[in-house]
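Just so we're clear, the structure is a prediction, and the values are computed from it rather than from any experiment. Residues take their numbers from the sequence shown, with the count starting at 1. When reading the values below, keep in mind they use all heavy atoms of this one structure, side chains included, and skip hydrogens, waters and symmetry mates.
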Amino acid sequence: MPKQSAPQDLAGIAPKLVEITDDVLFADVWERPGLSPRDRSLVTVSVLAALYRSEQLPHHLGMALDNGLSVEELSEAITHLAFYAGWPNAMTAINLLKKLADERAA
């Protein structure tokens, strides 16, 4: 997995948030051996879609693709979530995935 970090342009307004995002979330939690980066991405995308966190979802969908998940696998996970997390959440997530897939195909 490529090294992840918080958007550095946020450091001017929230330096501690950027620091702990980089040092705790990405350098510790994402690097723990209990789950592969692929599995962590699937969990993260699922939770973000279920909670309707559409601002964070595009970044993590891209990470999921980079971590080895396919568009088809992500689509299947989102379809499955529709019945547990709500139709609007799934439709928002699938539209974001389509946009990302189209951009990467271009």
Is there a donor-acceptor pair closer than 3.5 Å between any side-chain N or O of T92 and the backbone N or O of P88? yes

Return yes if some donor-acceptor pair links the side-chain N/O of R53 with the main-chain N/O of L51 below 3.5 Å, else return no. yes

Taking everything shown except E55 itself, do over 12 heavy atoms lie less than 6.0 Å from its CD? no

With rounding to the nearest 0.5 angstrom, report the NE2 to OG distance, H80 to S46. 8.5 Å

From CD1 (I94) to CD1 (I78), nearest 0.5 Å: 4.0 Å

Check whether any side-chain heavy atom of [X] sits under 4.5 Å from a side-chain heavy atom of [Y], and report yes or no.
X	Y	value
D23	D28	no
T21	L17	yes
W87	L81	no
L100	P58	no
D39	N67	no
L57	V45	yes

Can you sort out the partners of E73 under side chain to side chain donor-acceptor pair (under 3.5 Å), two or more places apart, ordered by chain and number? R38, S70

Could you see if M91 belongs to whatever hydrophobic cluster contains Y84? Use Ile, Leu, Val, Met, Phe, Trp, Tyr and a side-chain cutoff under 4.5 Å. yes

Looking at D66 and R104, does any basic side-chain N land under 4.0 Å from a carboxylate oxygen? yes

Which word best sums up how the rings of F26 and H59 line up, parallel for under 30°, tilted for 30 to 60°, or perpendicular for over 60°? perpendicular

